[in-house]
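Bear in mind the structure is a predicted one, so any value in this text is a computation, not a measurement.
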Amino acid sequence: MQRMLLYEFATSGGLFGDRATLASESIRREGAAMLTALAADFAAVDGVEAVVMVDSRATLDLPGCRVESVRSSDEEFSLLSSGSRQADWTIVIAPEFHDLLRSRFRLVEESGGRLLGPSSGLVALAADKQRTAERLSAAGVPAPRGIALDADDPLPAEFPFPAVLKPRFGAGSQDVRRIPDREALMESRSAISGPSRLERFCPGVAASVALLCGPVERFALPPGRQRLSDDDEFRYLGGAMPLPPEASKRAVALAERAIAAMPDPFGFVGVDLVLGNEPDGRDDVVIEINPRLTTSYVGLRALAEGNLAAAMLAVAAGNPVRLSFAQHALEFDADGTIRTPNKSGGDCPPFARAPSPRWSAEQNGDCPLVPAGFVRRS
């Protein structure tokens, strides 16, 4: 019997005490959706015991799983340390900012646990948007041209607008904004506390590709379009799958090049990119690398004709995998709600939703409510 330890920052004890403000509403929604979906899949794999760390103030519906209740910040770290040491594999999901993801990866490594994910070194690289872009560019992988800005650095005398301003150490679209001109840049910069990155705005279709990486092979899963808010803040709303065939080929080819440029990719790794307007892909660029499970998992598992978690285990063990995907279209929201179009062209009612945790307050502080919510390469 293999034991899987599952940890997700927002729902596994990361929000005790003064850390309650570290996760936005979007991160809380997405975290709950990913954890419940992943737990359900591992619980359904024969010969696997799914152990899930859950904040004691939340009630999650996790049938078939063993729940480890987390009652404090200290207990969060001690359970992650001891639990990972006792598990065959550990999956850690957390935002990259404030060193949240890397520190927990490092804790598992130092505790003698085995991560079903990349090393803490790759996490540190991917968390730094400037270093990531530089590494990709050095490897010949297209990334937006940009510069790093510290708090006291003067603004560049010349920079092409529109541009994008983002935290240098960030996660997803949090605090990312489109900057139309220099005046807007001066106003927006104060909203980011800490180092930032200013990069060229690249028009096109925002897309993502997830790859299952193992010691023998990598599998690119069906790419999808990212659904972002139509304002200048790029708020993540969910995704849509699949992409048209030619766009899908471009996305997979670019994502595989990006992953090949990273040190020792392993487990579920996501690539965010923009497919430009030129059909030959000359304007396609990689935006960032996500060294962890991404929200696209909820859509991918709905299309998978098999158990996606079982495929992750097989790839990690170096075993062959047979995994196919349905070809019908679907959309998913950040909270795990999934919709498919009906024959008349409209939307069917949602048919799947990640269970939403219910929170209660206790002496450790209030936790804000979480809203309800292969391509084979040899």
Side-chain angles (χ1 to χ4, degrees), residues 3-44 48-108 110-111 113 115-117 171 292-293 295 297-298 309 334-336 353-373:
R3 177 179 295 181
M4 290 294 311
L5 178 65
L6 307 180
Y7 169 97
E8 188 283 314
F9 174 76
T11 50
S12 294
L15 297 180
F16 280 100
D18 58 5
R19 290 184 296 174
T21 60
L22 291 181
S24 67
E25 180 180 303
S26 175
I27 287 176
R28 298 172 196 271
R29 285 200 308 265
E30 294 173 47
M34 285 186 283
L35 182 66
T36 51
L38 191 66
D41 286 349
F42 275 115
V48 170
E49 178 190 25
V51 182
V52 188
M53 291 177 55
V54 178
D55 190 310
S56 61
R57 299 164 296 178
T59 301
L60 280 175
D61 186 18
L62 298 168
C65 299
R66 195 182 92 198
V67 173
E68 292 286 349
S69 184
V70 183
R71 299 175 180 82
S72 67
S73 295
D74 289 342
E75 197 166 65
E76 174 206 357
F77 288 106
S78 64
L79 284 176
L80 182 57
S81 176
S82 61
S84 63
R85 188 165 54 247
Q86 297 165 10
D88 294 281
W89 293 102
T90 296
I91 291 183
V92 172
I93 308 168
E96 290 91 331
F97 56 73
H98 293 294
D99 204 35
L100 297 176
L101 183 63
R102 190 209 65 85
S103 61
R104 284 155 179 79
F105 268 54
R106 189 64 183 147
L107 175 62
V108 172
E110 293 177 342
S111 300
L115 286 160
L116 187 50
R292 52 169 171 77
L293 204 79
T295 314
Y297 186 90
V298 301
D335 67 358
R353 190 176 196 144
S356 298
R358 298 182 298 277
W359 294 90
S360 63
E362 63 175 36
Q363 61 183 6
N364 291 298
D366 290 343
C367 185
L369 293 175
V370 178

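When all heavy atoms are compared, the tightest approach of Pro95 to Ala171 is CB-CB, 3.9 Å. Looking at every heavy atom in both residues, Phe105 comes nearest to Gly117 through CE2-C, 4.4 Å. Between Ala309 and Asp41, the shortest heavy-atom distance links the atoms CB-CB, 3.6 Å.
Looking only at distances, a side-chain donor or acceptor of Ser12 sits under 3.5 Å from a matching main-chain atom of Met53. Using modelled atom types, one side-chain atom of Asp88 and one backbone atom of Arg3 make a donor-acceptor pair closer than 3.5 Å. Under the 3.5 Å distance criterion, the side-chain polar atoms of Ser78 are matched with a main-chain donor or acceptor of Glu75. A distance-only check finds no donor-acceptor pair linking the side chain of Ser81 to the backbone of Phe77 [under 3.5 Å].
Among Leu6, Thr11, Ile91, Thr295, the single residue meeting the side chain to side chain contact (heavy atoms under 4.5 Å, CB included) criterion with Met34 is Thr295.
No side-chain heavy atom of Leu107 sits less than 4.5 Å from a side-chain heavy atom of Val92. Between Glu8 and Leu38, every side-chain heavy-atom pair lies at or beyond the 4.5 Å cut-off. Between Gln86 and Val51 there is no side-chain heavy-atom pair separated by less than 4.5 Å.
For the pair Arg57 and Phe16, the cation-pi criterion (under 6.0 Å, within 45° of the ring axis) is fulfilled.
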Checklist entry - What do the steps show when you test Phe97 against Ile27 for side-chain contact (heavy atoms from CB on, under 4.5 Å), and what is the final call? => result CA-CA 12 Å; Phe97 56 73; Ile27 287 176; 3.6 Å; yes
Next on the checklist: Go through it in stages, so that I can follow the logic: the residues are Leu5 and Val108, the test is side-chain contact (heavy atoms from CB on, under 4.5 Å), and I'd like the CA-CA distance, side-chain angles, deciding distance and then a yes or no.
Outcome noted: CA-CA 11 Å; Leu5 178 65; Val108 172; over 6 Å; no
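With rounding to the nearest 0.5 Å, the separation of OH in Tyr7 from OG1 in Thr90 is 12.0 Å. In this structure, the separation between CD on Glu30 and CG on Leu293 is 11.0 Å, given to the nearest 0.5 Å.
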